[in-house]
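Throughout, a chain's letter reflects where its sequence line sits, starting with A, and its residues are numbered from 1.
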Number of protein chains: 2
Amino acid sequence: MQIMISTIKSNRNIPEVVLKAAIHLFTEQGYFNTSVPDIVKKSGVSTGSIYHHFGDKTGIAKALFEMLVKRMENAFDDIERKHDSVQSRLRAVIEYLFQLTEEEPEVMTYMLFIKHKEIMPNMAPVCSSKPFTKMRQMVVDGMANGEIKTMDNMVAAASLFGGAFRLISLRLDGVLERPLMEYQDELWRCAWQSVQK
Amino acid sequence: MQIMISTIKSNRNIPEVVLKAAIHLFTEQGYFNTSVPDIVKKSGVSTGSIYHHFGDKTGIAKALFEMLVKRMENAFDDIERKHDSVQSRLRAVIEYLFQLTEEEPEVMTYMLFIKHKEIMPNMAPVCSSKPFTKMRQMVVDGMANGEIKTMDNMVAAASLFGGAFRLISLRLDGVLERPLMEYQDELWRCAWQSVQK
DNA sequence: GTCTATATCCAGATAGAC
DNA sequence: GTCTATCTGGATATAGAC
């Protein structure tokens with residue numbers, strides 16, 4: 001591997017600082033309430049550079065989304081490597097989602113609650129993205145090996161993850177005042193019990 | 001009661017036809033991708049009349065939201081009148097939500113998945129609106145009378161309704177091909193089981 | 001690759017006749 | 001109360017120097 005001289009010459013990574021400003025503005029005030037001049041001000045990067053790197057405004061949203069989806073996918077791959085039983089995998093997934101919500105609420109908001117179809121009209125819904133199909137696959141595996149009661153896959157997945165997503169949503173909306181970790185054990189007991197015989 | 005002569009004079013109710021056009025456009029392409037001229041074209045009502053009735057563009061979104069929230073609140077009041085046990089009330093609520101999703105997907109989309117805070121920055125989140133607090137109150141009642149295991153209110157509500165909301169979301173995103181009614185019984189068994197001793 | 005200056009367009013909103 | 005015609009600001013995007 002060669003040393004990346006180009007990154008040494010410039011002391012900042014423009015795409016990175018733009019994306020950081022963008023996720024903050026998009027989740028705070030919404031994509032459509034955020035103008036490119038807003039991003040210019042917040043990031044300190046000029047209009048010209050932004051368009052050079054991202055093509056247009058939707059390019060920023062797209063780059064951000066792809067980065068975050070990839071990141072979550074990697075996290076789930078990690079979980080599959082570290083846990084054998086479906087039960088402990090599913091629990092770890094929920095723990096990861098709760099932690100991410102607490103530590104980087106903007107990331108979670110951007111992934112779950114931004115209507116990407118409005119920004120990029122021909123994009124598939126988030127729930128069809130790799131990490132989400134992976135979650136459903138775990139459930140299918142659990143049914144195959146008998147850990148989970150036999151039933152419709154979608155119903156099982158919805159029952160297992162639905163409560164967690166509700167709590168995440170309530171937390172991001174400011175309705176839950178205490179951190180999600182405090183609800184985790186009790187929620188998981190309910191979720192797991194819902195798919196037992 | 002007097003006969004409403006004014007409604008006889010004009011053969012159409014302008015706010016109504018505007019709201020009908022608006023909910024279609026807002027859910028189809030998003031609030032911010034919909035211009036007032038779009039609504040003018042779709043509704044056949046002039047710019048001037050629209051501004052006369054609604055004040056500004058956000059006024060349309062607001063009127064629509066208030067109407068739909070009120071309607072859902074009334075539906076839940078009906079349910080409380082018709083059912084005594086908490087179990088049958090909760091089941092009826094989910095049945096209502098599933099039916100509404102199938103019959104008027106735009107209404108459900110507008111209530112659940114439009115980011116109203118982006119449109120009206122100082123609006124409370126949907127989950128704080130009357131119908132949603134009513135749903136949580138039912139759960140609290142069920143815990144008080146012993147139908148539901150004693151636990152955190154929010155966890156119980158999330159466990160009971162989370163799966164239903166997931167399925168609604170998947171259905172509106174086109175991921176579930178079959179109508180929600182077909183999943184209803186199985187989902188409810190899971191949801192109810194999740195909060196039993 | 002990064003910047004400033006600028007073009008173009010169309011949105012939201014208003015004026016004022018009827 | 002309803003309409004048409006019109007104003008104005010600010011958004012996205014580009015041109016072109018450095």
Chemist: According to the ring pair (Phe, Tyr, Trp, His ring centres under 6.0 Å) rule, which pairs have a member within residues 79-98 of chain B, sequence neighbours left out?
Modeler: F76(B)-Y96(B)

Chemist: Rounded to whole angstroms, how far apart are CD1 on I50(B) and P on dA11(C)?
Modeler: 14 Å

Chemist: Distance check needed: dC10(C) C1' versus N33(B) CG, whole Å only.
Modeler: 14 Å

Chemist: To the nearest Å, how far apart are F54(B) CZ and dA13(C) C1'?
Modeler: 16 Å

Chemist: If we only count heavy atoms from C-beta on, is the T133(A) to S129(A) side-chain gap below 4.5 Å?
Modeler: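 No, too far: nothing below the 4.5 Å cut-off.
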
Chemist: Which parts of residues 19-30 of chain A get close to DNA chain D, meaning a heavy atom less than 4.0 angstrom away?
Modeler: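 Here the set is empty: none.
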
Chemist: Which parts of nucleotides 8-14 of chain D does protein reach within less than 4.0 Å, heavy atoms only, written one letter per nucleotide 5' to 3' as B for base, S for sugar-phosphate only and - for none?
Modeler: ---SBBB

Chemist: Are the side chain of T27(A) and the backbone of H24(A) linked by a donor-acceptor contact shorter than 3.5 Å?
Modeler: yes

Chemist: Output the rounded distance in Å from CD1 (I60(B)) to C1' (dA13(C)).
Modeler: 12 Å

Chemist: Closer than 4.0 angstrom, basic N to acidic O: yes or no for K134(A) and D77(A)?
Modeler: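 Yes, K134(A) and D77(A) are salt-bridged.
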
Chemist: Take atom CZ of R12(B) and atom C1' of dC3(D), then tell me their distance rounded to the nearest Å.
Modeler: 10 Å

Chemist: Take atom CG of N13(A) and atom C1' of dT2(C), then tell me their distance rounded to the nearest Å.
Modeler: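 Checked: the CG to C1' distance equals 14 Å.
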
